[in-house]
Every structure is written in structure tokens, then in C-alpha cells.
Amino acid sequence: MRRLILFVPLLVIMAMFFLFQQMIDHDPTEMELARKDKPVPAFALPGLRNPERFFTQEDLKGKPMLVNVWATWCPSCRVEHPYLLKLAKEKGVQLVGLNYKDDRTAALEWLDKLGDPYVFTVFDEEGRLGLDLGVYGAPETYVVDAEGIIRYRHVGVVNEKVWNEVLAPLMEDSGTRESEVKDTRVNESTGSEQGASS
Amino acid sequence: MKSWFGILILFSVVVSGPAFAIDVYEFPDEQTRERYQDLTWELRCPKCQNQNIADSNAPIAQDLRREVHRLLMDGRSDKEIVDFMVERYGDFVFYRPRMSGHTVVLWIAPLVLVLIGVSVVMILGRRNRNAGRDGDALSAGDRERLKQLLEEADHLSDKKNDKS
């Protein structure tokens, strides 16, 4: 019985082994997403292309989408840009840009030169929406489901690995939820039609 | 040539600003200014994580300072301002995290570890004391066996001596 105590160091070392193994892929500077599973905070910001057109949180509903926080001063944004174009063109992903604390002319130039993967881009000059979202650096990419609920945030470059392993499954989840929503909408509309015909 | 160099040095000293964060904010009274300083001292910069937002010159820290100032001018309480930050950046943003479901370990763990340490020391200490008190005590059987072994050893060494 006494001898069992000799196994305690072994157990401690094994526990540490598993603990450290889990920490290997974990970036300690990555912050938790405080707004996880909460709606996109209310905002009203002009579009990048058209300063007259104001977007609000209502424009981030209806379809699961990726909200990509970017800026021309951010080198990693340039790195991920070609892959974002690929996502939008080849996979038909709904991408919304949030141009964060940037210069409008420079941002427009960037999109003209490198291509525009975004359905629309919101121009957040002072970083107000960024602050409400908890953005602490660009690029950041948020998964927003069809009801405008924030499901996930990826900090850093989006590439094929990140898309396949993390974002695509989440988008699919949001997608099933979306189709349920659609179903109820169809039912509602047919119901009302029936009501109208009777 | 030399004088040019001197002017250059003077120029660089004059032009380069101080390396720490300075914003110009105005406060209605001394008390508000102190609250601003305390808050920026205790709020952590999300980007450069070992600095508070008072020390950091990262753009995000500037934004948060501006926000703290704005909220103070709005007449919000310290708690409201901290809640505002935690709502956006999580418990991480406050150097003194609040007691909640998943920060409870931060508060409890040191206490638990100290208790474990103290109890280990006490158990070891007691065991040593007991060992000192009756550590030599051998049973009658052991004594007998020890005697036998010693005799045998003597016997063997005698034999060895004989041979040499």
C-alpha cells in the first residue's frame, strides 16, 4: 500500500504531459470572445463605397456570413486577401468587410487593385463597432449566423486550413439553422396564402 | 562638420517625442482625473497583454483610454466602466478579475496550494519526529537476528584474517 505513493510523481508527470500537450496549439495571447453567442451589437456606419448608405446590425442577418475585419495598415490582411477572394468566388461564401480604423481612399484603392471579396464593406473609421465587437487587432474574422448571432471569432490570417477545420463546419451549423428558419418562413407564407384564399 | 553633428543630435532630441503614452484629456475636477488614472492603471491592454492601457501606446489602448474618458464624462461609475470593458473584451481586460464561474480558480487556487503545502510539511514533520522517538526500537526477533548476523560477519572476517 505504501508503495503506491511512489507512483505519485509518475502521475503528476503524466498529468503535466497531457496539460502541456493541450497547450501546444494554443496561442496564449488569443483572447476569449466576450460576445460569443450574443447578437452583433447595434451600429450604424456608412458603407466604404457609398458614404451615404448606412449599414446596421440588421444587414448582418438572413444568411450565415463571415465578417472580416481588415485595414490597409495591416500586413496580415494582405496575406489573407487572395484566400478571401477564393472563398467568395469559388465557395460562394457570404463575406462582409469591416474596414477598421482606416483611410477611405487607401481602402478603396486596395479593393480596386487586389479585388473585392465582400458583398459590402462597412467603414468604421474610429473603430466604434470594432470596440463593441471586442476587436483587438486585424485581421479578425467573425462567424455570424442567419439570425445575426456571433458564433465564433478567428484571430489572424484565414487560410485553407482554418477554413476547412474551423470556419466551414461552423458555417454549415449556422446554415442548417438558417434552413430551419427558411422552412418556418415558407410555412408562414403558405399559411397566410391559405388564409387569404379561404 | 562637428557642429553639424551636434545640431543633428539636438534636433533628434527635440523632435523625438517621449516614448510613453500621452493623451491630452481634460477633466472637470481632480477626483475624476484620479479615477481616470486608477481605471487606466487597472485595465489591461488586449493587444500587448502585459501592459495596462495607461502604459501602452498600442492603438487599441489609445481607443480604450478615449473610451474610459468618454464614459467618465458621461458620469458613469467605475463599476459601469469596468463592466463596459468586460462585456467587450472579457474578464481578461481587468487586472483584478471579478469572481465568477470561470475565474474562481484564480482566486481559490493559491489558497488551496498553500494549504496543500502546509499540510505536506506538517505530515512530514510529524513523521520525522515519530521516527526519531522510536526509530531504533527493534523487536526481540530482530535483535536476535542482528546478533546472529554480526556473529557471522565476525566469523567470516576472522577466517579471512587467518588466510592472509
Side-chain angles (χ1 to χ4, degrees), chain A residues 1-2 5-6 8-9 11-12 15-16 19 26-43 45 57 67 69-77 98-103 124-140 142 150 152-153 155-156, chain B residues 23 39-40 43-53 56-71 74 76 80-95 97-98 100-106 109 112-113 116-117 119-120 123-124 126-127 130-131:
Chain A
M1 202 50 211
R2 267 279 160 92
I5 214 163
L6 296 175
V8 168
L11 288 177
V12 168
M16 283 166 76
L19 189 72
H26 177 78
D27 177 5
T29 61
E30 201 171 308
M31 304 238 311
E32 58 170 327
L33 174 58
R35 283 218 197 265
K36 187 173 156 54
D37 296 330
K38 300 210 173 102
V40 174
F43 69 95
L45 288 168
Q57 66 280 9
V67 177
V69 181
W70 66 282
T72 54
W73 45 258
C74 146
S76 310
C77 299
L98 175 62
N99 187 240
Y100 175 64
K101 297 182 74 163
D102 206 356
D103 174 71
D124 189 9
E125 191 172 16
E126 288 170 44
R128 292 228 65 92
L129 176 56
L131 193 107
D132 283 343
L133 281 169
V135 170
Y136 64 100
E140 284 183 16
Y142 292 76
I150 301 170
Y152 184 78
R153 160 174 70 186
V155 179
Chain B
D23 314 286
L39 279 166
T40 54
L43 286 166
R44 190 173 189 170
C45 169
K47 190 72 196 170
C48 27
Q49 300 186 343
N50 287 322
Q51 280 181 301
N52 53 29
I53 63 171
S56 171
N57 221 358
I60 184 75
Q62 291 170 15
D63 285 4
L64 294 187
R65 284 199 297 271
R66 191 191 62 204
E67 214 55 28
V68 169
H69 178 255
R70 188 181 66 83
L71 292 169
D74 263 12
R76 309 283 194 97
E80 279 175 320
I81 294 173
V82 169
D83 286 347
F84 176 93
M85 294 298 173
V86 171
E87 193 191 346
R88 283 154 182 78
Y89 289 95
D91 286 312
F92 186 90
V93 82
F94 201 42
Y95 264 118
R98 298 173 303 181
S100 77
H102 75 270
T103 56
V104 73
V105 71
L106 292 174
V112 171
L113 289 175
I116 290 176
S119 50
V120 164
I123 288 171
L124 287 179
R126 188 166 301 166
R127 193 180 288 170
N130 288 347

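Just so you know, these numbers come straight off a predicted model, no measurement behind them.
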Query - Most chain B-contacting option - heavy-atom pairs closer than 4.5 Å, from A/Gly130, A/Gly134, A/Gly127 - result: A/Gly134

Query raised in the report: Considering residues, nucleotides and ligands other than A/Glu125, do more than 12 of their heavy atoms fall under 6.0 Å from its CD?
Result: no

Query raised in the report: What do the steps show when you test B/Lys47 against A/Met31 for side-chain contact (heavy atoms from CB on, under 4.5 Å), and what is the final call?
Result: CA-CA 9 Å; B/Lys47 190 72 196 170; A/Met31 304 238 311; over 6 Å; no

Query raised in the report: Hey, is A/Arg128 close enough to B/Glu67 for a salt bridge, meaning N to O under 4.0 Å?
Result: yes

Query raised in the report: For B/Asn50, does the CG atom have more than 12 heavy-atom neighbours from other residues, nucleotides or ligands under 6.0 Å away?
Result: no

Report summary line: Across all chains, not counting sequence neighbours, the side-chain hydrogen bond (donor to acceptor under 3.5 Å, both in side chains) partners of A/Asp102 are A/Thr72, A/Asn99

Query raised in the report: Of B/Pro59, B/Cys45, B/Pro46, which is the lone residue that meets side chain to side chain contact (heavy atoms under 4.5 Å, CB included) with A/Tyr136?
Result: B/Pro46

Report task. Determine the minimum heavy-atom distance between B/Gly90 and A/Ala34, stating which atoms define it. Result -> N-CB, 3.4 Å

Requested in this report: Measure the shortest side-chain to side-chain distance between B/Leu64 and A/Leu131 over non-hydrogen atoms and say whether it is less than 4.5 angstrom.
Outcome: yes

**Report entry** Region of A/Lys101 in contact with chain B, defined by heavy-atom distances below 4.5 Å
**Finding:** side chain

Query - Gap separating the CD atom of A/Glu126 from the CZ atom of B/Arg66, nearest 0.5 angstrom - result: 5.5 Å

Query raised in the report: Looking at residues at least two apart in the chain, or sitting in another chain, which of them share a salt bridge (charged side-chain N to carboxylate O under 4.0 Å, His left out) with A/Glu30?
Result: none

Query - Structural part of B/Val93 lying under 4.5 Å from a heavy atom of chain A - result: neither

**Report entry** Contact class of A/Leu133 relative to chain B, heavy atoms under 4.5 angstrom
**Finding:** backbone

Query - Exam field: side chain A/Glu32 to backbone B/Asp91, donor-acceptor pair closer than 3.5 Å - result: yes

